[in-house]
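Remarks on the structure that follows.
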Amino acid sequence: SRTLSDDIINLTRGAIKRAVSNFDVKYDFDVDFGKDNKLSRIRMPGADISDRDMSNRDMSRANISGGNLSRSDFSNTNLERANLSGCTIQETIFNDANMENTNLSGVTGNEPQFIQANMEDANLSGAQIHGATFHDTNLEDANLSGSHMNGAEFQNANMEEANLTGANMSNADFTGANLEDARLKGVNMQHSTFIDVNLENANLSGANLSGATFISANLEDTNFQSANLTDVDFREANLEDANLRGANIRGANFAGANVDDMKMPNGKECHAIEELLQFGAIISGDKPRKVKVDIEVELDDDVKVKNDDLPE
């Protein structure tokens, strides 16, 4: 009968789950999870879970390391302490998921989404996920060291005390994020946006921040020692007690910034913003822009000279 058949199927599924929960098995076949919402502690390293609806499930402490999760939806799923290391997460959705202490080290894939996810203490070290979205995500104490996330979006994310040491995040957007006490030593964040960001007491020593924007950011006690700050926009930022010893600030714009007791590139405390001019900084107005204009000058002897012929 249909009832007996369903009972057998359910018993079989339960037996398989109990069996694999005690062994690390390398799966090379397609897995059908059906509507089973309780997948806690399941061990399926290497499983193909791509293009699936995996939302609203309990996958806490699950081991699917090295698996293919591309384009699947894990929204609102509990992945606490799960092992996703080495997984492919191309366009995978983890919105509103619980990923506290989740292992995502070495994951790869472009444009995954972690919007409003709880990723406190998560491990994303060595991750290569360009264009990832972390809007309003909790990344407190998370490990993003050595990761590659060019073009990632961290708007309004909580990254307090996060470890981003050596990360490559050029052209990333951190608008409104909290990075207080974060470790960003040696990061590459060229042309990234830090508008209204809190970086109080953060460590950006040796960082490459060329062309980055810190408009209205809180940079009190921030360590920029030996950083590349060329053409950085610090307008209206709070740099009180910040450390810029050994930093390159040529072309950086400090218009309207608070530089009280800030350590300048020569190690001396700044008492007047005008002191920054000696290092090639800009202290008023907008940054000058180079504009090429075609000019044709007609001389008396009918000789025409274009701007390309004029000396610079």
Side-chain angles (χ1 to χ4, degrees), residues 27 30-31 44-55 59 62-77 79 82-99 102-119 122-139 142-159 162-177 179 182 184 186-194 207-213:
Y27 287 84
D30 197 12
V31 180
M44 305 185 72
D48 183 357
I49 315 178
S50 58
D51 299 292
R52 305 295 180 83
D53 181 3
M54 302 296 294
S55 60
M59 297 185 70
N63 182 357
I64 48 178
S65 57
N68 181 9
L69 315 183
S70 296
R71 297 172 300 281
S72 286
D73 186 356
F74 289 85
S75 296
N76 205 41
T77 287
L79 287 158
N83 184 359
L84 278 63
S85 60
C87 283
T88 302
I89 55 172
Q90 179 78 20
E91 299 178 6
T92 308
I93 298 173
F94 297 97
N95 298 342
D96 297 299
N98 179 15
M99 306 183 78
T102 301
N103 185 357
L104 291 150
S105 59
V107 294
T108 59
N110 296 331
E111 300 181 356
Q113 296 181 25
F114 301 90
I115 298 171
Q116 295 184 331
N118 177 22
M119 303 184 74
N123 182 4
L124 291 110
S125 60
Q128 299 189 42
I129 46 175
H130 303 299
T133 304
F134 295 89
H135 296 176
D136 299 290
T137 303
N138 181 17
L139 286 157
N143 182 4
L144 291 82
S145 61
S147 60
H148 293 256
M149 301 186 187
N150 294 335
E153 298 181 0
F154 295 91
Q155 287 97 319
N156 301 309
N158 178 23
M159 305 179 74
N163 182 5
L164 288 81
T165 303
N168 187 349
M169 297 181 178
S170 58
N171 294 292
D173 189 349
F174 294 87
T175 300
L179 286 141
L184 300 100
V187 297
N188 177 19
M189 293 181 170
Q190 298 180 74
H191 305 290
S192 290
T193 302
F194 297 89
N208 184 358
L209 299 162
S210 177
T213 302

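Count residues from 1 along the sequence. The shown structure was predicted, so the numbers you read here are calculated from the model rather than taken from an experiment. Below, all heavy atoms of this structure are taken into account, side chains as well, without hydrogens, waters or symmetry copies.
- Separation of atoms CE (Met169) and CG (Leu144) is listed at 4.5 Å; rounding is to 0.5 Å.
- Within the structure, no pair that satisfies the salt bridge (Lys or Arg N to Asp or Glu O under 4.0 Å) test touches residues 83-95, not counting sequence neighbours.
- Distance alone, capped at 3.5 Å, is enough to place a donor-acceptor pair between the Thr92 side chain and the Leu69 backbone.
- Minimum heavy-atom separation, Ala82 to Met59: CB-O, 3.7 Å.
- The structure places CG of Asp48 at 8.5 Å from OG of Ser70, a figure rounded to the nearest 0.5 Å.
- Contact annotation: the side chain of Phe134 never approaches that of Met159 to less than 4.5 Å [non-hydrogen atoms, C-beta and beyond].
- Considering CG of Asn171 and NE2 of His130, their distance stands at 11.5 Å, rounded to 0.5 Å.
- By the side-chain hydrogen bond (donor to acceptor under 3.5 Å, both in side chains) test, Asn188 is found to be paired with Asn168, Gln190, residues two or more places apart in sequence or in another chain being considered.
- In this structure, Leu79 CG and Ile64 CD1 are separated by 6.5 Å, a value rounded to the nearest 0.5 Å.
- Residues Met119 and Ala142 share a closest heavy-atom pair of O-CB, 3.8 Å.
- The heavy-atom pair separating Thr77 from Met54 by the smallest distance is OG1-O, 2.5 Å.
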Show every donor-acceptor pair shorter than 3.5 Å between a side-chain atom in residues 105-117 and any protein atom, with sequence neighbours excluded, or say none if there are none.
| residue | atom | partner | partner atom | Å |
| --- | --- | --- | --- | --- |
| Ser105 | OG | Asn103 | OD1 | 2.8 |
| Gln113 | OE1 | Asn95 | ND2 | 3.2 |

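- In this structure the side chain of Ser55 never reaches within 4.5 angstrom of the side chain of Asn76, judged on heavy atoms.
- Proximity of Phe154 to Leu179: side-chain heavy atoms (C-beta onward) are nowhere separated by under 4.5 Å.
- For Asn138, the side-chain hydrogen bond (donor to acceptor under 3.5 Å, both in side chains) criterion is met by Asn118, Asn158, not counting sequence neighbours.
- Of the possible donor and acceptor atoms, none in the side chain of Asp73 sits under 3.5 Å from a partner among the backbone N and O of Asp53.
- No donor-acceptor distance shorter than 3.5 angstrom exists from the side chain of Ser192 to the backbone of Phe174, with no hydrogens or angles considered.
- Taking the side chain as every heavy atom from C-beta outward, Met189 and Leu184 approach each other to under 4.5 Å.
- Take Ala207 and apply the side-chain contact (heavy atoms from CB on, under 4.5 Å) test, not counting sequence neighbours, and it matches Val187, Leu204, Leu209.
- In this view, Ser72 and Arg52, Phe74 satisfy the side-chain contact (heavy atoms from CB on, under 4.5 Å) rule, not counting sequence neighbours.
- With rounding to the nearest 0.5 Å, the separation of CG in Asn208 from NE2 in His191 is 8.5 Å.
- Interatomic distance, Asn68 CG to Ile49 CD1, rounded to the nearest 0.5 Å: 9.0 Å.
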Checklist entry - Where do Phe94 and Leu84 land on the side chain to side chain contact (heavy atoms under 4.5 Å, CB included) test, with the steps shown first? => result CA-CA 12 Å; Phe94 297 97; Leu84 278 63; 4.0 Å; yes
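- Scanning for side-chain hydrogen bond (donor to acceptor under 3.5 Å, both in side chains) contacts around Asp51 gives Arg71, with sequence neighbours left out.
- Annotation: side chain of Ile129 is not in contact with side chain of Leu104 (no heavy-atom distance under 4.5 Å).
- Here the side chains of Ser75 and Asp96 are not in contact, with every heavy-atom distance at 4.5 Å or above.
- Evaluation of the side-chain contact (heavy atoms from CB on, under 4.5 Å) rule for Thr193 yields Asp173, Thr175, Ile195 as partners, not counting sequence neighbours.
- Taking Glu153 as the reference, His135 meet the side-chain hydrogen bond (donor to acceptor under 3.5 Å, both in side chains) condition, with sequence neighbours excluded.
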